J.: 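I'd like to ask you about the structure that follows.
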Amino acid sequence: MEDSSMDSDLPRRHLLEAASKKWRKERFRRTRKYESRFSETEEWRTTFSLVKTHRRRFRHESVFEKQTNILEKQSNVIEKGSTLADRLINIKDWRTSVSLIKTQARRFRHVSDLEKRSTHVDRLSKTKENLKVTFLTIRAAMRYMDGMGLATKGWLDGLGILLSILLVVTITAVSDYYIQSLQFKDDNKKKKKISFQVTRDGCTQKVTDYELVVGDVVHLFIGDQVPADGIFISGFNFLIDESSLTGESDPVHISEKKPFLFAGTIVQDGSATMLVTAVGVKTEWGKLMETLNKGEDKITRVLQVKVKDVATIIEKIGWVFSVLTFFVLTVRFLVEKAMQNEFSSWSCDDAMSMLGHFTTAVTIIVATVTKGIPLALTLSLAFAMNKLRNDNARVTNPSACEAMCFCTCICTDKTRTLTTNRMFVDKIFLSGETKEARDNGGRVLSLGLSDSVSAVLLQGIFKCTGSEVFDDENGKTSILGTPTETAILQYGLDLGGDFNAIDSDIRMLKINSFNSTQKKMSVIVSLPSVRTRAFCKGAPEVVLGLCDKMIDVGGEIVPMSEENINFITDVVDEFVADGLRTLCLAYLDVEGSFGCNDDIPEGGYTLIAVFGIKDPLRPGVKEAVETCLAAGISVHMVTGDDIRRAEVIAKQCGILTDEGLAIEGSDFRIIPRLIQVMGSSSPTDKHEFVKHLKDMSEVVAVAGEGTIRAPALQESDIGFAMGIAGTKVTKGQADVILMDDDFTTIVKVAKWGRAVYVNVQKFVQFQLTVNIVALMINLVSACITGSAPLTAVQLLWVNLIMCTLSALALATGPPNDGLMKRPPVKGTESFITKTMWRNIISQSIYQMAVLFVLNFSGKPILNLHGPNATVILNTFIFNTFVFCQVFNDINSREIDDINVFRGMFSSWIFMCVMISIVVCQVTIVEFLGTFASTVPLDWQLWVLSIVVGLVSMPISVVLKCISAAKEPYHDGYEILPAGLESV
């Protein structure tokens, strides 16, 4: 008991120490037991580490038995690798022993993989040996070929020619494929087959529109496209949208009185059955498409023809220089042999010399292969197409961009192109007074009407309509219908009218939909007071003829006198003079009952109001028209709208001037160039108008939306279709699709078209300069010294600059505003202008003067001596020639503008190309001496090469200043004279 109490009085730490000592004694005892079992091993800790578990302790005897089995297996593996086993026995540090055999998981788990790992190590070693042998073999072969001299050089020249041709042809082919096959592929190539429910042989079945035959009975529902021409059999409230054929957006009611249905039209409301009478090309739609397909091709790609002509001339010059060079070198070689009395003896060296001369001639031909010019045109078109796509213009025909630089006139519609087609009520004639419907802020003004007049007005607005008012998923009130109907309904809502309340209280009895023939729509409804009332809405000249009464200032109904008719007619004319669309609204209280088979009355109405609806201009249209006129492009408005309203819109846009003419379509056969506005025109009038303009050697662009505009688009040189309002037919015939239906986008296309023309001119100027200098320096040097300073590989590197890198740098220049201050390019104008020849000749003279001086007097000037003096001089000439082209590339960014740095640092393509050229040149000179016949240059010669090339820039500035002082820059254009004759 005493001992127990004493133990309990010990501090806690003493108890822990005692327990620890006891545990260590037990652990030592067990360890000695295990040590006796492994007496064969010199270091027991090494063996102990091989069998301990991942917990690093032996806690149970059963675990030890398993570890013993593992150890036996491991020992067998270790015995197979005697080297490894010996190392394990001799190593004293057990930690090192474990690290030699543990896996990536840092545990001794997969010792059996040691054989596989050793196999992989052997393979790796053999691979390294093979690579080393291959490298040594290639190095020896290169040294052997270096010792062959001219033979090696010829082999390298041939390889350089092959690689250059392969590179240029591949890049050109890939770019052409991208332009023609990918970027301009037809989006409608894969057309979906549409299935219809058809009654055939007394059975109802589903067939596609390609399987329809004459005699089938087709069932049509809302949203279906009529697949064939046919005759209406039966149906209910069947409305058809024929805008794809006629261009009229108002629906057409199909019934027994008007039973004909046409392929391509859309079912807008109701359902019906139709007897098929014509399919395929026999339908009206098919005949129209067949007519369009028979049309002639668009304007010839004038720019492409000009580019090919320039390329052909350059290639012919290259052939002439090549033959002359080979002739001079050969004659010089033969004369030297004759002077040395060795003409009768020929050796392998003589043959190799002749082969070298022939290689030089072939290199000149390859260096003048003008794949760079077509490549520049392709790249410029591709770049312009991508930029125009971002500007809401999708080009489907690449020749459209080329043709826009020659465009002299644009024929455009009014609605949706010049105007927004988002109409609103601007003025209203009501109760004998003309009132402004909205203030300057667009808020609706109060009309101050009596309750009875206001009720009749709202009933007429909400019930005499073919549109619908509904709440969308966000709770916002939306209107589904034509722009004119939407404007009137929105005005009724802004006045505080409740569409749902009126629609639920008033029951519709009968409706006669609006059509272009009657120019009106009529409805008859049943009022809550058990009265029947008819409403009529339409063109003023039609509705006023049905009215014999009107609502006066006091809200009373008074007879429609002759004076009142004249007054209302003057109000309508005033609205039209302001560019407003006009619609009249009238009502009639019908006496007695009304049956479904009764006709809606055609007289005795009371005039409620005359609406003046405004279609505002698109933002920027006026500025765009002014830009076109300043660029020498005349703008003609050709519309089917009223001539008076068209005149007003044309004056607001700036199209109609004091000297211009505004006529109706039937009178256009006077001088078409003087016509600025043609209203009330039919599709045939527009087609003939475009045809007459083309007969006068005009390059015509036409913008249209409806199918009826397709013949005019086909006749035009450049066709623009509306991407939103345009039909499939017009989009199929168009060269450019305006995704925003905006006239300003046409101006952007014209600007980019001119940019393509000028960018190709810049590249041609650059390439001609390089070709002239390279050919002259080689020809003259061959005549005088018998050798060319520029080798085949060096010439091909320069050609690579021209054909790929410089084409990419110069062909992707963006347009500037100055392009739209010049008249269009004429198709008969020379592609290479006088200004371009000035730049080409001046830069060529400077570069040839520098290179000739270096070639004939370079050694004393540069103080070059020793056996490598000639190689260093030729390398320096090559380096100087390349840097002259680098700075000439910068000079070519502007043909006549002094500021060539404008926009250069913001053009990442140009900067990347310039950096790439410089980096490649440094690599060729410093590291590819064997291949390019160059030697490394010291920093003084590098600086001198750059300075010599840089001098070409102030020379260009001086020449441009002198030219600007003498005469203005034309660049293939002519200054636009003042007056109507220029338009």
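In what follows, every heavy atom counts, from backbone to side chain, and hydrogens, waters and symmetry copies are set aside. What you see is a predicted model; the values in this text were computed from it and never measured. Residues: numbered from 1 along the sequence shown.
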J.: Return yes if some donor-acceptor pair links the side-chain N/O of Asn816 with the main-chain N/O of Gly818 below 3.5 Å, else return no.
T.: yes
J.: Begin from the C-alpha positions of Gln761 and Met836 and carry the test side chain to side chain contact (heavy atoms under 4.5 Å, CB included) through to its verdict.
T.: CA-CA 8 Å; Gln761 280 186 319; Met836 293 173 62; 3.8 Å; yes
J.: Do Arg838 and Asp896 sit within salt-bridge range, that is, some charged N less than 4.0 Å from a carboxylate O?
T.: yes
J.: Do the side chains of Val773 and Leu851 get nearer than 4.5 Å, heavy atoms only?
T.: yes
J.: Side-chain donor-acceptor pair under 3.5 Å between Asp740 and Thr745, yes or no?
T.: yes
J.: Closest approach of Ala811 and Leu379, non-hydrogen atoms and distance?
T.: CB-CB, 4.2 Å
J.: Is there a side chain to side chain contact (heavy atoms under 4.5 Å, CB included) between Val922 and Trp942? Walk through the geometry before answering.
T.: CA-CA 9 Å; Val922 173; Trp942 274 102; 3.8 Å; yes
J.: How long is the span from the CD1 atom in Ile909 to the OG1 atom in Thr812, to the nearest 0.5 Å?
T.: 4.0 Å
J.: Are side-chain heavy atoms of Phe878 and Gln921 found at a separation under 4.5 Å?
T.: yes
J.: Side chain to side chain contact (heavy atoms under 4.5 Å, CB included) between Phe763 and Ser892: does it pass, once the steps are laid out?
T.: CA-CA 7 Å; Phe763 177 75; Ser892 299; over 6 Å; no
J.: Closest approach of Thr769 and Ile840, non-hydrogen atoms and distance?
T.: OG1-CA, 3.7 Å
J.: Quick one, Ser806 and Val913 - any side-chain contact, counting heavy atoms below 4.5 Å?
T.: no
J.: Nearest 0.5 Å please: distance from the CG atom of Asn839 over to the CZ atom of Phe766.
T.: 13.5 Å
J.: Any chance you could measure Leu377, atom CG, to Lys306, atom NZ, to the nearest 0.5 Å?
T.: 13.0 Å
J.: List the atom of Phe406, the atom of Val825, and the distance in Å for their closest heavy-atom pair.
T.: CD2-O, 3.1 Å
J.: In this structure, is the centre-to-centre distance between the rings of Phe905 and Phe910 below 6.0 Å?
T.: no
J.: Ignoring hydrogens, what is the shortest heavy-atom contact between Ala734 and Phe720? Give both atom names and the distance.
T.: CB-C, 4.2 Å
J.: Does a donor on one side chain and an acceptor on the other come within less than 3.5 Å for Arg389 and Asn386?
T.: yes
J.: Using side-chain hydrogen bond (donor to acceptor under 3.5 Å, both in side chains), reason through Lys859 and Thr870 one step at a time and then give a plain yes or no.
T.: CA-CA 8 Å; Lys859 293 181 180 179; Thr870 302; 2.8 Å; yes
J.: Any carboxylate oxygen within less than 4.0 angstrom of a Lys/Arg side-chain nitrogen, looking at Glu894 and Lys960?
T.: no
J.: Taking only residues two or more places apart in sequence or in another chain, which ones pass side chain to side chain donor-acceptor pair (under 3.5 Å) with Ser844?
T.: none
J.: Evaluate the criterion side chain to side chain contact (heavy atoms under 4.5 Å, CB included) for residue pair Asn879 and Leu941; output intermediate values, then yes/no.
T.: CA-CA 9 Å; Asn879 201 45; Leu941 293 180; over 6 Å; no
J.: With Phe852, which residues qualify under ring-ring contact (aromatic ring centres under 6.0 Å, His included), at least two apart?
T.: none
J.: Under 4.5 Å between any side-chain heavy atoms of Arg394 and Val736, yes or no?
T.: no
J.: Roughly how far, to the nearest 0.5 Å, is the CD atom of Gln847 from the CD1 atom of Ile777?
T.: 10.5 Å
J.: Just do the side-chain hydrogen bond (donor to acceptor under 3.5 Å, both in side chains) check on Asn888 and Ser952 with the steps written out, would you?
T.: CA-CA 7 Å; Asn888 187 32; Ser952 64; over 6 Å; no
J.: Atom CG of residue position Asn390 - does it have more than 12 heavy atoms of other residues, nucleotides or ligands inside 6.0 Å?
T.: yes
J.: Look at the side chain of Thr396 and the backbone N and O of Asp735, then say whether any donor-acceptor pair between them is shorter than 3.5 Å.
T.: yes
J.: Can any side-chain N or O of Asn759 pair as donor or acceptor with the backbone N or O of Ala755 at less than 3.5 Å?
T.: yes
J.: Can you tell me how far the CE atom of Met911 sits from the OG atom of Ser916, to the nearest 0.5 Å?
T.: 10.5 Å
J.: Has Ser906 got a side-chain atom pairing as donor or acceptor with Gly903's backbone, closer than 3.5 angstrom?
T.: yes
J.: Mind checking whether Ile633 and Thr408 have side chains closer than 4.5 Å, heavy atoms only?
T.: no
J.: When you compare the side chain of Glu402 with that of Leu381, does any pair of heavy atoms fall below 4.5 Å?
T.: yes
J.: Which atoms form the tightest heavy-atom contact between Ser945 and Phe883, and what is the distance?
T.: O-CB, 3.8 Å
J.: Would one find more than 12 heavy atoms of other residues, nucleotides or ligands at under 6.0 Å from atom CZ of Phe856?
T.: yes
J.: Should Lys387 and Trp752 count as side-chain neighbours, where that means a heavy-atom distance under 4.5 Å?
T.: yes
J.: Side chain to side chain contact (heavy atoms under 4.5 Å, CB included) with Val310: which of Ile314, Val307, Thr312?
T.: Ile314
J.: Within a strict 4.5 Å, meaning less than it, do heavy atoms of the Cys628 and Val747 side chains meet?
T.: yes
J.: When rounded to the nearest 0.5 angstrom, what is the spacing between CG in Leu388 and CD1 in Ile737?
T.: 13.0 Å
J.: Closer than 3.5 angstrom, by distance alone: can the side chain of Arg893 be matched with the main-chain N or O of Arg902 as a donor-acceptor pair?
T.: yes
J.: Is there a donor-acceptor pair under 3.5 Å between the side chain of Ser380 and the backbone N or O of Ala376?
T.: no
J.: Ignoring hydrogens, what is the shortest heavy-atom contact between Leu928 and Thr934? Give both atom names and the distance.
T.: O-OG1, 3.9 Å
J.: Please determine whether salt bridge (Lys or Arg N to Asp or Glu O under 4.0 Å) holds for the pair Asp817 and Lys751, giving the CA-CA distance in whole Å, both sets of side-chain angles, and the decisive distance to 0.1 Å.
T.: CA-CA 8 Å; Asp817 295 334; Lys751 185 183 293 185; 3.4 Å; yes
J.: Would you say the side-chain atoms of Trp837 and Gln765 include a donor-acceptor pair closer than 3.5 Å?
T.: no
